[in-house]
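Note that the coordinates shown come from a computational prediction; the quantities given were computed from them, not determined experimentally. Start at 1 with the first residue, then count along the sequence.
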Amino acid sequence: MANLSQEELQIAMESATVYLEENGVRAYLNIFPPPKGKEYSVKDINWILKQKKVVFGVDTSAITNMLVNKEYKKQVLIAKGFPKEDGKDGYFEYYFDTVDDSKPKVLEDGSVDYHTAGKVKVVEAGDVIAKYFPPTKGKNGFSVTGEQLMAKAGKEQRALRGRGFYLSEDKCVYTAAVTGKAVITGNVLNVKNILEIDGMIDYLLKDLIFDGDIIVRGDVMQGITIKATGSVTICGTVEPSTIEAGKDVVLQSGMQGSGKGIIKSGGNVSGKFFEQVTIIAEGNVNANYILNCDIKCNGNVEVAGNKGAIIGGRIVAGDKIVASIIGNRTEAKTVLSLVDINYIESQMEEAEEMLNSNLERVDELTRELRELAMAQSLGTVKEVKDSDRKKISEKIRLTNEISTLQQKMERLRTLSESGSRASISAKDRMYPGTVLIIEDLRFYCTTKLTFITVKKVDERMEALTCIV
């Protein structure tokens, strides 16, 4: 077989087609058969590819194979460059549960299983809780035409903010500084102190006070006082005791208060049952059964389940109270009140007084700390005393309290205007002896009512078909 003349080779080149894929990283050649009695050489194909601007990554073995097998008039992979590899963005890996599965679960009958609450997994002081993997630069590539393909560098991530951990010098390893619950919210990582009591609490531990969350795995005996700046979760039964929490209170079983049990919460209060308990809460109160309790909360009161009942006692709530059964056959006096203006105003006055006091103290601390900073800049003060550090901590604490008080006052202002949407509902039945109050209006239940919702409509109380 003879080789192609230069004229024949020129015609073959003009009729050949090169297809580029993957941003020029792969090249396919589609060429017509050579003239009869002639054959291509590897050199011919290389010349044709060069004319087609394919100069990098040409696969000689692929050319040879194409010629031997006479793979004409079809696309043949003939050259491969190097694809660019974009850098990976920086990312975090967390070594704790980032999803909160500790909320109570709703059962088929509508009641709530509070035993699922408080299943908190803690991290130990010294545990690595997160690692940061920096971005990679990426790797440039080359197309078959010899063009450099520029890779994009990965994006840097901001370091995590928060408290309760140590950060390594390279800012990549986060280690728990305390034993507690690790929580990640957006770019904020906190390890919150958690005190766990494996067994019951009895007279041997009369008072339990803790700066953080408390979880009691056993029962709480009569006369115990538990105070926490965070949440309190009790897995066992609770006898007449005092529980105070800056956040939520969760009683997996409930409390038999005997008129002496007290719960104060800066958040929500939930439990399977409450009997003869005084409850004061900033948030909602949820249970499956409430008997002869004195409850004041700024949120709503909801008793879950087909047999969920509120019987006896007095409840002052935000703008909604819901239960399947309200009252009982013996006509136990049950007083339910919403949007209690007097109670709201008293809280507003108390919050405003505390807010003003905190603002004055923060101003005082700000002046003192400004003077300290000036003295440091002038060199007259070289070391910061413990008392000055305490002032910094106090200012931070008071600033947080101010924010909380401002939020509370705003909620109270909103609540004071919610009379038109306030409602009390019995999803099954309401018994005589029940008194319902919304703002300054009263509704006396004198006969058994079923599927009833009571609302304030045009300055009067109306009983409607249950609309919950």
Side-chain angles (χ1 to χ4, degrees), residues 106-112 114 251 253-259 261 263 269-281 284-297 299-340 342-343 418-468:
V106 179
L107 304 178
E108 291 182 2
D109 65 353
S111 63
V112 179
Y114 290 98
L251 308 186
S253 291
M255 177 186 283
Q256 169 53 264
S258 300
I263 298 175
V269 175
S270 57
K272 191 173 182 179
F273 68 89
F274 297 105
E275 294 186 10
Q276 294 183 290
V277 180
T278 296
I279 299 175
I280 300 174
N284 303 320
V285 175
N286 299 91
N288 293 339
Y289 177 71
I290 296 176
L291 174 64
N292 292 327
C293 290
D294 184 359
I295 298 175
K296 289 183 178 180
C297 68
N300 301 322
V301 174
E302 183 168 358
V303 179
N306 298 332
K307 297 182 180 179
I310 299 174
I311 301 173
R314 181 181 179 88
I315 295 177
V316 177
D319 57 20
K320 184 180 289 186
I321 297 175
V322 180
S324 288
I325 303 167
I326 298 178
N328 65 0
R329 291 187 180 88
T330 64
E331 301 186 10
K333 186 173 182 180
T334 306
V335 181
L336 308 182
S337 176
L338 297 178
V339 196
D340 186 322
N342 291 331
Y343 180 56
S418 64
S420 61
R421 67 172 181 269
S423 65
I424 301 172
S425 300
K427 294 188 288 184
D428 187 345
R429 55 194 182 275
M430 182 184 297
Y431 288 99
T434 299
V435 180
L436 309 182
I437 306 171
I438 299 179
E439 290 185 325
D440 56 346
L441 298 180
R442 291 173 178 259
F443 176 90
Y444 296 91
C445 182
T446 57
T447 183
K448 181 180 175 182
L449 301 173
T450 56
F451 311 109
I452 191 75
T453 291
V454 177
K455 301 186 69 177
K456 180 181 179 181
V457 180
D458 296 331
E459 299 306 317
R460 68 179 185 277
M461 298 280 269
E462 284 197 6
L464 311 170
T465 301
C466 188
I467 56 176
V468 174

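- Contact record, F451 with K427: CD2-O, 2.9 Å, taken as the closest heavy-atom pair.
- Residues meeting the salt bridge (Lys or Arg N to Asp or Glu O under 4.0 Å) test with R442, sequence neighbours left out: none.
- Contact detail for K272 and S253: the closest heavy-atom pair is CB-O, 2.5 Å.
- At least one donor-acceptor pair closer than 3.5 Å links the side chain of N300 to the backbone N or O of K320.
- Interatomic distance, CD1 of I295 versus CG of L336, reported as 9.5 Å (0.5 Å rounding).
- With hydrogens and angles ignored, the 3.5 Å screen pairs a side-chain donor or acceptor of S324 with a backbone N or O of G305.
- The main-chain N or O of A332 is found under 3.5 Å from a side-chain atom of T334 such that the two form a donor-acceptor pair.
- Counting only heavy atoms from C-beta outward, the side chains of D428 and N306 never approach each other to under 4.5 Å.
- For the pair C445 and Y431, the tightest heavy-atom approach, listed with the atom from each and the gap, is SG-O, 3.5 Å.
- Here NZ of K456 is found 14.5 Å from CG of L436. Values are rounded to the nearest 0.5 Å.
- In this structure, OH on Y444 lies 10.0 Å from CE on M461, to the nearest 0.5 angstrom.
- Among the candidates I325, T434, I290, N328, the single residue satisfying the side chain to side chain contact (heavy atoms under 4.5 Å, CB included) test with I311 is N328.
- Under the 4.5 Å side-chain criterion, counting only non-hydrogen atoms from C-beta, E275 is in contact with Y289.
- At distances below 3.5 Å, at least one donor-acceptor pair connects side-chain atoms of Q256 with backbone N or O atoms of S258.
- From I438, atom CD1 reaches atom NZ of K455 across 8.5 Å, with rounding to the nearest 0.5 Å.
- Residues V269 and A281 come closest through the heavy atom pair CG2-CB, 3.9 Å.
- Looking only at side-chain heavy atoms (C-beta outward), I424 and I326 come within less than 4.5 Å of each other.
- Interatomic distance, OG of S337 versus CD1 of I315, reported as 10.5 Å (0.5 Å rounding).
- With values rounded to the nearest 0.5 angstrom, N286 atom CG is found 9.0 Å from C297 atom SG.
- When the shell of 6.0 Å around CZ of R460 is examined, it contains more than 12 heavy atoms from other residues, nucleotides or ligands.
- Two residues are said to be in side-chain contact when any heavy atoms from C-beta on lie closer than 4.5 Å; E302 and N284 fail this criterion.
- Between A309 and V303, the closest heavy-atom pair is N-CG1, 3.4 Å.
- In terms of heavy atoms, G261 sits closest to M255 at CA-SD, 3.7 Å.
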